Amino acid sequence: VASLLGAAAPNPFQHQIAEQVQRLGSTSPAVRAGAAEALGYLRAYAAADALAVALRDKTAAVRREAALSLGWCGGRTHVAALLAALADEEWSVRQAAWVALTNITGMEWPFDALAAPSLRTAQAKNWRDWWAQTPTDNPPPEVLALLKDTRARPRNWARACQVTTSTTYKGPPAVLTDGATHSAYWQ
């Protein structure tokens with residue numbers, strides 16, 4: 001929290017994030033779950049590591065909200081924690097982890113949070129095996145394949161154009177027109 005606030009929060013958005021991260025340490029499970037949920041709504045990328053820690057909370061509602069929020073503001077470094085959450089004892093946490101994984105990775109490998117343990121274990125293994133084969137410095141090949149056009153590629157009229165946004169999801173606005181597929185941002 002101190003690193004998010006510094007001496008004084010530079011802006012109200014960062015102040016809200018710092019407040020919610022601090023609430024993740026509350027003694028009240030409802031407050032912790034609400035904070036995890038709020039961080040997702042805020043798209044609080046700076047809080048993603050704190051959300052990954054919240055995936056180990058003793059209360060299922062907190063773990064569920066942390067997983068869902070990581071789907072909005074987590075990244076490549078949080079996939080391992082979400083893969084581990086596929087084995088959570090609570091079905092809603094498992095389901096939330098699957099949703100977050102599909103959002104972060106762009107893939108929808110099957111996973112049935114209510115299936116028998118043997119099927120869930122096999123489905124989670126498919127996810128882990130796929131992730132183990134994913135390059136660490138590029139988007140997964142399957143994601144790139146989804147983006148490829150089988151016809152001749154038309155000229156990218158937006159490439160290198162100046163971009164302004166009112167809000168962003170991942171990364172600075174310029175990543176929308178830089179043409180790079182190897183950066184940390186896959187959009």
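The structure displayed is predicted, hence computed values, not measured ones.
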* To do: Report yes if the side chains of N126 and W130 come closer than 4.5 Å at any heavy-atom pair, otherwise no.
  => no

* Structure fact -> The residue among N103, L39, I104, L51 that forms side chain to side chain contact (heavy atoms under 4.5 Å, CB included) with W72 is N103

* Rounded to the nearest 0.5 Å, how far apart are CG of L83 and CZ of R128? -> 7.0 Å

* Asked: Is any side-chain heavy atom of V53 less than 4.5 Å from a side-chain heavy atom of L24?
  -> no

* D57 and its side-chain hydrogen bond (donor to acceptor under 3.5 Å, both in side chains) partner, picked from R64, R32, R63 -> R32

* To do: Only one of H15, R23, Q16 passes side-chain hydrogen bond (donor to acceptor under 3.5 Å, both in side chains) with E19; say which it is.
  => H15

* **Stepwise side-chain contact (heavy atoms from CB on, under 4.5 Å) test for L55 and H78** => CA-CA 10 Å; L55 282 174; H78 306 103; over 6 Å; no

* Drop me the distance from L68's CG to L82's CG, to the nearest 0.5 angstrom. => 9.5 Å

* To do: Return the set of residues passing side chain to side chain contact (heavy atoms under 4.5 Å, CB included) with P141 (not counting sequence neighbours), or none when no residue passes.
  => P135

* Structure fact -> Rounded to the nearest 0.5 angstrom, the CD1-CZ distance for I17 and F13 is 3.5 Å

* Structure fact -> Minimal heavy-atom distance between A113 and Q95, with the atoms involved, is CB-OE1, 3.4 Å

* To do: For residues A97 and A67, report the shortest heavy-atom separation together with the two atoms involved.
  => N-CB, 3.9 Å

* Asked: Do the side chain of S69 and the main chain of A36 share a donor and acceptor less than 3.5 angstrom apart?
  -> yes

* Pairwise distance OG1(T105) to CZ(R76) - rounded to 0.5 angstrom -> 10.5 Å

* Asked: Are V99 and V93 joined in one hydrophobic group, where the rule is that I, L, V, M, F, W and Y side chains link up if heavy atoms are under 4.5 Å apart?
  -> no

* Asked: Hey, is the main chain of V62 close enough, under 3.5 Å, to the side chain of T59 for a donor-acceptor pair?
  -> no

* Residues Y41, E37; criterion side-chain contact (heavy atoms from CB on, under 4.5 Å); working and verdict -> CA-CA 7 Å; Y41 285 133; E37 180 183 29; 3.4 Å; yes

* Under the side-chain contact (heavy atoms from CB on, under 4.5 Å) rule, what do T102 and M107 come out as? Steps first, then yes or no, please. => CA-CA 5 Å; T102 61; M107 302 309 296; over 6 Å; no

* What pairs meet the salt bridge (charged side-chain N to carboxylate O under 4.0 Å, His left out) rule with one or both residues in residues 116-127, with sequence neighbours excluded? -> K125-D129

* Decide yes or no on side-chain contact (heavy atoms from CB on, under 4.5 Å) for L86 and Q123, but give the supporting numbers first. => CA-CA 9 Å; L86 292 176; Q123 289 175 332; over 6 Å; no

* **Heavy-atom donor-acceptor pair, W127 side chain to W109 backbone, under 3.5 Å** => yes

* The single option from T134, L101, L70 passing side chain to side chain contact (heavy atoms under 4.5 Å, CB included) against V79 -> L101

* **Interatomic distance, R94 atom CZ to D112 atom CG [nearest 0.5 angstrom]** => 9.0 Å

